[in-house]
Amino acid sequence: MILFFPLMMSCSVLGGGSGYSNDPAVAAQQRVVEDLKREVKEAESLAEEAEQREKAAKNRLKAAEQELKALKSRAERESNY
């Protein structure tokens, strides 16, 4: 028994390392779930990046609108002189 214990442990570690079942249907569904989890994470990452770009664009727009307002005011003042 003592001689077989290391062999049993190495087989259980090697066999269980993949996380997939021996049943092909279960293993296939586990892969589908993992793929979908990766897809969700990627979509969440892309959504976060899009939100950051949207915020930056809104900030640039606001700054441009303020600059336009200031330029119009200055042009109006200069035309009154």
Side-chain angles (χ1 to χ4, degrees):
M1 184 68 172
I2 293 174
L3 296 175
F4 293 111
F5 183 72
L7 180 61
M8 290 186 328
M9 291 306 294
S10 65
C11 288
S12 67
V13 169
L14 293 176
S18 66
Y20 295 120
S21 171
N22 290 334
D23 184 327
V26 172
Q29 191 62 25
Q30 285 175 324
R31 286 186 198 96
V32 168
V33 168
E34 289 175 3
D35 289 343
L36 290 172
K37 283 181 180 179
R38 278 192 292 274
E39 188 176 328
V40 166
K41 279 189 173 187
E42 182 179 342
E44 288 171 345
S45 175
L46 291 173
E48 179 65 30
E49 290 173 15
E51 287 178 16
Q52 295 293 332
R53 287 193 306 271
E54 180 186 10
K55 286 179 184 177
K58 285 180 178 179
N59 287 338
R60 289 192 308 272
L61 174 60
K62 190 173 185 178
E65 288 172 339
Q66 289 173 348
E67 184 176 350
L68 175 61
K69 185 177 178 181
L71 290 172
K72 282 182 178 180
S73 292
R74 185 170 49 173
E76 207 173 280
R77 282 192 310 268
E78 289 175 358
S79 69
N80 288 336
Y81 287 118

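Just the heavy atoms: all of them, side chains too, but no hydrogens, waters or symmetry mates, feed the values below.
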Derivation and outcome, side-chain contact (heavy atoms from CB on, under 4.5 Å), residues Arg53 and Glu49: CA-CA 6 Å; Arg53 287 193 306 271; Glu49 290 173 15; 3.7 Å; yes
State the CD-CG distance between Glu39 and Leu36, to the nearest 0.5 angstrom.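 Answer rounded to 0.5 Å: 6.0 Å.
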Taking it one step at a time, do Glu65 and Leu68 satisfy side-chain contact (heavy atoms from CB on, under 4.5 Å)? CA-CA 5 Å; Glu65 288 172 339; Leu68 175 61; 5.6 Å; no
Main chain of Lys41, side chain of Ser45: is a donor-acceptor contact present, judged purely on distance under 3.5 Å?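 Judged by distance alone, no pair lies under 3.5 Å.
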Worked verdict on Glu48 versus Gln52 for side-chain hydrogen bond (donor to acceptor under 3.5 Å, both in side chains): CA-CA 6 Å; Glu48 179 65 30; Gln52 295 293 332; 3.0 Å; yes
With the threshold set at 4.0 Å, does a side-chain nitrogen-carboxylate oxygen contact exist between Lys58 and Glu54?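 Looking at Glu54 together with Lys58, the answer is yes, because their closest N to O distance falls below 4.0 Å.
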Going by heavy atoms in the side chains, are Gln66 and Lys62 under 4.5 Å from each other?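 Gln66 vs Lys62: side chains touch.
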